[in-house]
S.K.: 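The structure's right below; bear with me while I get my questions together.
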Amino acid sequence: MVFALAVLGSGCATTDGDPRDPFEPFNRKVHAFNMALDDAVLAPVARGYRDNINPVFRYSIRSFFSNLEDVWISANNLLQGKPVEALQDLTRVMLNTTFGLFGLADPASEMGFPKHSEDFGQTLGTWGVPAGPYIVLPFFGPSNGRDAVGFGVDTVVDPIGEVFPVTRDAVGAAAVRIIDAREALLNASQMLPGIALDEYSFIRDAYLQRRRSEIYDGDPPMDEEPVPRYDDDPEESPKRAD
């Protein structure tokens, strides 16, 4: 969060690359650091987790954290003016907490209540907050000004602290969640070197495209929005600048 605010307040200077990415030289260095850390620590730990933990236990762990996420997802759907989706999320929490044994299973999906994916960065986008420049956060990866602020809010309201009130337990639970999330991406990350000539640009473009799609709930407008520039005379951002 501090890093994001420092970047946003440091002034903007365009480069010869993508105008959405004015900090590209610095971002590439952070990206290289993150990838080195992933290769040395996260990916090996995730592979060990996959190879040594029973798939049933991994499913239960993933379902448990998914159930916690649904609480804040419901709040974001409500903040975005989607009460039906918010009610579905709360129903998922009730069903999975009771019939799913505190979220260790996901009977709600089988009962027709779909899993949504909402965060405060998407909520800010729905409210018309511009995306801001693309930035790569140390340890956390691709983001932009808006999503970095949203990530900070998501972290503060994360219900994991309520479920695990002891700091040591909360840190351990967060570590397990990170490892589980990394394990889910192992297959995709292994394919990346073979499909991307420039890994950094591929990840950046995929991230920006995915976030734009998420803000519009998978149905972004067909008309091209102006590409924001971050120079001395920036263009006016659209209502949902991405």
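What you are looking at is a predicted structure, and each value in this text was computed from that prediction instead of being measured.
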S.K.: Considering only heavy atoms from C-beta outward, does the side chain of Arg177 approach that of Asp158 to under 4.5 Å?
M.R.: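 The answer is yes; the side chains approach within 4.5 Å.
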S.K.: Kindly determine whether Ile215 and Glu118 satisfy side chain to side chain contact (heavy atoms under 4.5 Å, CB included), including the steps that lead there.
M.R.: CA-CA 9 Å; Ile215 288 172; Glu118 304 291 344; over 6 Å; no
S.K.: Tell me whether Ile179 is reachable from Phe57 by hopping between hydrophobic residues (I, L, V, M, F, W, Y) whose side-chain heavy atoms are closer than 4.5 Å.
M.R.: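 Yes: a chain of side-chain contacts under 4.5 Å links Phe57 to Ile179.
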S.K.: Give a yes or no on whether the backbone of Asp147 and the side-chain of Asn144 come within a donor-acceptor separation of less than 3.5 Å.
M.R.: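 Yes.
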S.K.: Going by heavy atoms in the side chains, are Arg92 and Val71 under 4.5 Å from each other?
M.R.: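 Arg92 does not reach Val71 side chain to side chain.
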S.K.: Rounded to the nearest 0.5 Å, how far does NE2 of His31 lie from CG of Leu137?
M.R.: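 Reported value, rounded in 0.5 Å steps: 13.5 Å.
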S.K.: Testing the basics here: between Ile135 and Ala148, what is the closest heavy-atom pair and its distance to 0.1 Å?
M.R.: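 Looking at all heavy atoms of both residues, the closest pair is CD1-CB, 4.1 Å.
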S.K.: With ring centroids as reference points, do Phe151 and Phe140 lie under 6.0 angstrom apart?
M.R.: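 Close enough - the centres of the two rings lie under 6.0 Å apart.
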S.K.: Work out which heavy atom in Leu79 is nearest to a heavy atom in Phe120; give both atom names and the distance.
M.R.: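 Closest approach of Leu79 to Phe120: CD1-CE1, 4.1 Å.
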S.K.: In sequence, state the C-alpha distance, the side-chain angles, and the governing distance for Glu69 and Lys115, and then conclude on side chain to side chain contact (heavy atoms under 4.5 Å, CB included).
M.R.: CA-CA 10 Å; Glu69 293 168 359; Lys115 171 76 175 179; 3.7 Å; yes
S.K.: For atom CD of Glu162, decide whether the heavy atoms of other residues, nucleotides or ligands shown that lie under 6.0 angstrom number more than 12.
M.R.: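 Count not over threshold, so no.
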S.K.: Drop me the distance from Ser74's OG to His116's NE2, to the nearest 0.5 angstrom.
M.R.: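 One finds 10.0 Å between OG of Ser74 and NE2 of His116.
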S.K.: Are Asp89 and Lys82 close enough for a salt bridge, meaning some N to O gap below 4.0 Å?
M.R.: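 Looking at Asp89 and Lys82, the cut-off is not met.
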S.K.: Heavy-atom count check: over 12 atoms from other residues, nucleotides or ligands less than 6.0 Å from Gln190 CD?
M.R.: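 Above 12, so yes.
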S.K.: Quick one, Glu85 and Gln80 - any side-chain contact, counting heavy atoms below 4.5 Å?
M.R.: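 No, every pair of side-chain atoms sits at 4.5 Å or beyond.
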S.K.: Can you give me the closest heavy-atom contact between Arg212 and Pro221, atom names plus distance?
M.R.: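 So the minimum-distance heavy-atom pair works out to NH2-O, 3.3 Å.
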S.K.: Please round to the nearest 0.5 Å and tell me the distance separating atom CG of Asn76 and atom CG of Asp70.
M.R.: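 Between atom CG of Asn76 and atom CG of Asp70 there are 11.5 Å.
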S.K.: Salt-bridge test for Asp205 and Arg20: reply yes if a basic N is under 4.0 Å from a carboxylate O, no otherwise.
M.R.: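 Answer for the salt bridge query: yes.
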S.K.: Taking the side chain as every heavy atom from C-beta outward, state whether Arg50 and Leu186 have any pair of such atoms under 4.5 Å apart.
M.R.: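 They are in contact (side-chain heavy atoms under 4.5 Å apart), so the answer is yes.
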S.K.: How far apart are the closest heavy atoms of Val93 and Thr97, and which atoms are they?
M.R.: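 Closest approach of Val93 to Thr97, heavy atoms only: O-OG1, 2.5 Å.
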S.K.: Just verifying a value: how many Å separate Asn96 CG and Met111 CE, rounded to the nearest 0.5 Å?
M.R.: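 Asn96 CG to Met111 CE: 9.5 Å, rounded to 0.5 Å.
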S.K.: Can you confirm whether the side chains of Ser63 and Asp106 place a donor and an acceptor under 3.5 Å from each other?
M.R.: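 Asp106 and Ser63 do not have a side-chain donor-acceptor pair below 3.5 Å.
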S.K.: Hydrophobic clustering (ILVMFWY, side-chain heavy atoms < 4.5 Å, transitive) - are Ile61 and Leu104 grouped together?
M.R.: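 Same cluster.
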S.K.: Identify whether the distance between the nearest side-chain nitrogen and carboxylate oxygen of Arg47 and Glu183 falls below 4.0 Å.
M.R.: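 Salt bridge: no.
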S.K.: Counting N and O atoms only, with roles assigned by atom type, does the side chain of Thr98 sit under 3.5 Å from a partner on the main chain of Met94, one being a donor and the other an acceptor?
M.R.: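 Yes, because the side chain of Thr98 sits within donor-acceptor range (under 3.5 Å) of the backbone of Met94.
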S.K.: Give the cluster check for Leu208 versus Val30: same hydrophobic cluster or not, with ILVMFWY residues linked at side-chain heavy-atom distances below 4.5 Å.
M.R.: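 Yes.
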S.K.: Report the C-alpha distance between Arg204 and Asp18 in whole Å, list the side-chain angles of each, state the deciding distance to 0.1 Å, and finish with yes or no for side chain to side chain contact (heavy atoms under 4.5 Å, CB included).
M.R.: CA-CA 10 Å; Arg204 177 193 62 202; Asp18 192 313; 3.7 Å; yes
S.K.: Considering all heavy atoms of both residues, which atom of Ser143 and which atom of Tyr134 are nearest to each other, and what is their separation?
M.R.: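 Looks like O-CD1, 3.2 Å.
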S.K.: Set out, in order, the CA-CA distance, both residues' side-chain angles and the distance that settles side-chain hydrogen bond (donor to acceptor under 3.5 Å, both in side chains) for Tyr200 and Asp21, then state yes or no.
M.R.: CA-CA 11 Å; Tyr200 171 84; Asp21 187 8; 2.6 Å; yes
S.K.: Can a donor-acceptor pair be found, under 3.5 Å and without considering hydrogens, that links the side chain of Arg146 to the backbone of Val129?
M.R.: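 Yes; judged by distance alone, with no hydrogens or angles, the pair exists.
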S.K.: Identify the two heavy atoms, one from Ser189 and one from Arg182, that lie closest to each other, and give their separation to 0.1 Å.
M.R.: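 Nearest heavy atoms, Ser189 then Arg182: OG-NH2, 3.2 Å.
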S.K.: Considering only NZ, NE, NH1 and NH2 on the basic side and carboxylate oxygens on the acidic side, decide whether Arg58 and Asp180 come within less than 4.0 Å.
M.R.: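 Answer for the salt bridge query: no.
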S.K.: Atom OG1 of Thr123 and atom CG of Asn77: how far apart are they, to the nearest 0.5 Å?
M.R.: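 One gets 8.0 Å once the value is rounded to the nearest 0.5 Å.
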S.K.: Kindly indicate, with the supporting measurements, whether the criterion salt bridge (Lys or Arg N to Asp or Glu O under 4.0 Å) is fulfilled by Asp198 and Arg28.
M.R.: CA-CA 11 Å; Asp198 182 356; Arg28 283 185 178 272; 2.8 Å; yes
S.K.: Please answer: with hydrophobic residues joined when any side-chain heavy atoms are less than 4.5 Å apart, are Val171 and Val163 in the same cluster?
M.R.: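 No, it is not one cluster - the side chains of Val171 and Val163 are not joined through contacts under 4.5 Å.
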S.K.: Cluster question for you: counting only ILVMFWY and a side-chain heavy-atom cut-off of under 4.5 Å, with indirect links fine, are Phe65 and Leu90 together?
M.R.: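 No, Phe65 does not connect to Leu90 through the hydrophobic network.
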S.K.: Under 6.0 Å between ring centres: does that hold for Phe139 and Phe33?
M.R.: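 Ring centres of Phe33 and Phe139 closer than 6.0 Å.
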S.K.: Rounded to the nearest 0.5 Å, what separates atom CD in Gln122 from atom CG in Asp154?
M.R.: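 Atom-to-atom, Gln122:CD and Asp154:CG are 9.0 Å apart.
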S.K.: Please check if atom OH in Tyr59 has more than 12 non-hydrogen atoms from other residues, nucleotides or ligands closer than 6.0 Å.
M.R.: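 Yes, enclosed.
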